[in-house]
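Data block below; observations after.
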Number of protein chains: 2
Amino acid sequence: MSVLPRSVACQERRSRLCAVLSTWHRDGVPPTTARERARAELTAEITDLARAQLATVGAAGLSLRAVARELGMASSAMYRYFPSRDDLLTRLILDGYDALGAAAEQADDPTAAPRERWLAVCRAVRAWARAHPHEYALLYGSPVPGYSAPPDTVPAATRVGAALGRVLGDAARAGLLPPADGTPTGLVTAAVAPVLGGDHPVLDDRVRARALLTWSSLFGAVSFELFGHFTGAVADADAFFDDAMRDLAGLVGL
Amino acid sequence: MSVLPRSVACQERRSRLCAVLSTWHRDGVPPTTARERARAELTAEITDLARAQLATVGAAGLSLRAVARELGMASSAMYRYFPSRDDLLTRLILDGYDALGAAAEQADDPTAAPRERWLAVCRAVRAWARAHPHEYALLYGSPVPGYSAPPDTVPAATRVGAALGRVLGDAARAGLLPPADGTPTGLVTAAVAPVLGGDHPVLDDRVRARALLTWSSLFGAVSFELFGHFTGAVADADAFFDDAMRDLAGLVGL
DNA sequence: GGCATCCGAGAGCACTGCTCTTCCGACATC
DNA sequence: GATGTCGGAAGAGCAGTGCTCTCGGATGCC
């Protein structure tokens, strides 16, 4: 029952891809080869379908065979595009960080008051998390396989932190932050300075450490809400979150 | 190759259990029947082995068949004790909450100063998490299957929060907390009052909301450290954590 | 001793990730 | 234009999973 439709689907896919290939080839403007573009298209199709499946069954239930089935191709063919299931997940993680980071950045209005900007970014993170709970869990829940935090996710993962840092830095440069003694504490690395508001005498180690704390606290609060640790304790989730984020803003001096 | 040893192991298990049964029966003090106690013993053996496996391969890799194999029994026999793999995990979750809660409670010295008590509890949580990363991930990471937060885990899950709340309540009763206006905000439910320090005029809705925030922030910080979100940003993890927890203590007025 | 009960084994189903071999068809070369 | 190369897909297959069902035997209770 499953052999025939699969072959048919395969044929269709084949001819369609070939058509695409010829078209592109006839156009004569391939910055990359036609084959590569076809490959990229199928890769995108796979990730899109995988993301859809992720949204319904979660990371643990994401099945390479199921995507292949829904795509009308053999499961073995998937391995031409993703060496393993974990690589597919890594791709989804990267996309997730990017989407979340974009949401946070888009919510930031540089002309608004720092405290409002801070709150807006936090709200955007929470909203995105509630809209994509499984993706959020993939990003900030337990590391999935035998876990292997891929190092290339770091830049994408820091976008939210950078958005918060930008608010902090702008506030510092506007003279809206309380004075700091500036003595180095050695708690944070030098690498965080650029993403955490840049250089400014008011942004000393203490402030940066607190910024890191509030950053993790934001996700702590979102995770607790999403994973059900707040159920029965918080009455008005929206108001509680706003209140909490304002408290955190106060912690860094905003 | 696998049939013979399994049968042998089964025989051994059988006779050993029977011996236990007769012994208990001869003692004549079975509050529960002898069979039930044997059953309880095997159940404990299963959970112990499962916990050991969880510690090595993580929740995602925990395999009922592997536990059965290591125990020398057929995988199908496991289902006499746990209806499903998720039930086994639920059991481990419960045990994990209990262990973590016990660690937090044990670290609390009621005679010490509130700020020190607070810090001690937080440190205990972090230490337990670092010592049992996979169990911690099971508790505070992504809800595992299609997720199904079992409601009977709630009392066990609140033990850490209750420990922090006790510190807060004792400080309030000792007059060590700043005054509060006491106007209800409606952010938190009435159910949290008992576990968050009890009743005291100084413990108003605002303080309780902040207590919930710091509670989630504690786990946010621990999760970020454990799941690698702090790598490259925090230089001295121990000192950073202590500093962060003191900041959080300040947030609730300690 | 007989009976009911429980418990474990084994086979089997449907599913998973992943590998290997085979084969087809588009592309580039002669 | 025929030819060979090579990427890509299929299919079979392996080892493993959770879970169900049936069956036989040992056990505890009357």
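FYI, side chains are in, hydrogens and waters are out, and symmetry mates aren't considered; it's all heavy atoms of this structure. The shown structure was predicted, so the numbers you read here are calculated from the model rather than taken from an experiment. In what follows, chains are A, B, ... by sequence order, proteins preceding strands, each numbered from 1.
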Query raised in the report: Is the closest basic N to carboxylate O distance between B:D87 and B:R91 below 4.0 Å?
Result: no

Query raised in the report: Could you give the CZ-to-C1' distance, from A:F82 to D:dG8, as a whole number of Å?
Result: 16 Å

Report task. State, yes or no, whether a side-chain contact exists between B:F219 and A:F219 at a heavy-atom distance under 4.5 Å. Result -> no

Report summary line: Atom CG of B:L89 and atom C1' of D:dT17 are separated, to the nearest Å, by 14 Å

**Report entry** Atom pair distance, as rounded to whole Å: CE in A:M73 and C1' in D:dA9
**Finding:** 7 Å

**Report entry** Reference residue B:R126; test side-chain contact (heavy atoms from CB on, under 4.5 Å); the match among B:V121, B:L226, B:V222
**Finding:** B:V222

Requested in this report: Would you indicate, yes or no, if C:dG8 has its OP1 or OP2 atom less than 4.0 angstrom from a side-chain nitrogen or oxygen of B:Y81?
Outcome: yes

Query raised in the report: How would nucleotides 13-22 of chain C be written as a contact map, 5' to 3', with B for base contact, S for sugar-phosphate-only contact and - for no contact, using protein heavy atoms under 4.0 Å?
Result: ---BBBBB--

Query raised in the report: Any side-chain heavy atom of B:F227 within less than 4.5 Å of one from B:Y136?
Result: yes

Query raised in the report: Side chains of B:F82 and B:L64: does their closest heavy-atom pair fall under 4.5 Å?
Result: no

Query - Side chain proximity check, B:L212 to B:L187, heavy atoms < 4.5 angstrom - result: no

Requested in this report: Provide, to the nearest angstrom, the distance between the CZ atom belonging to B:R39 and the P atom belonging to D:dG28.
Outcome: 15 Å

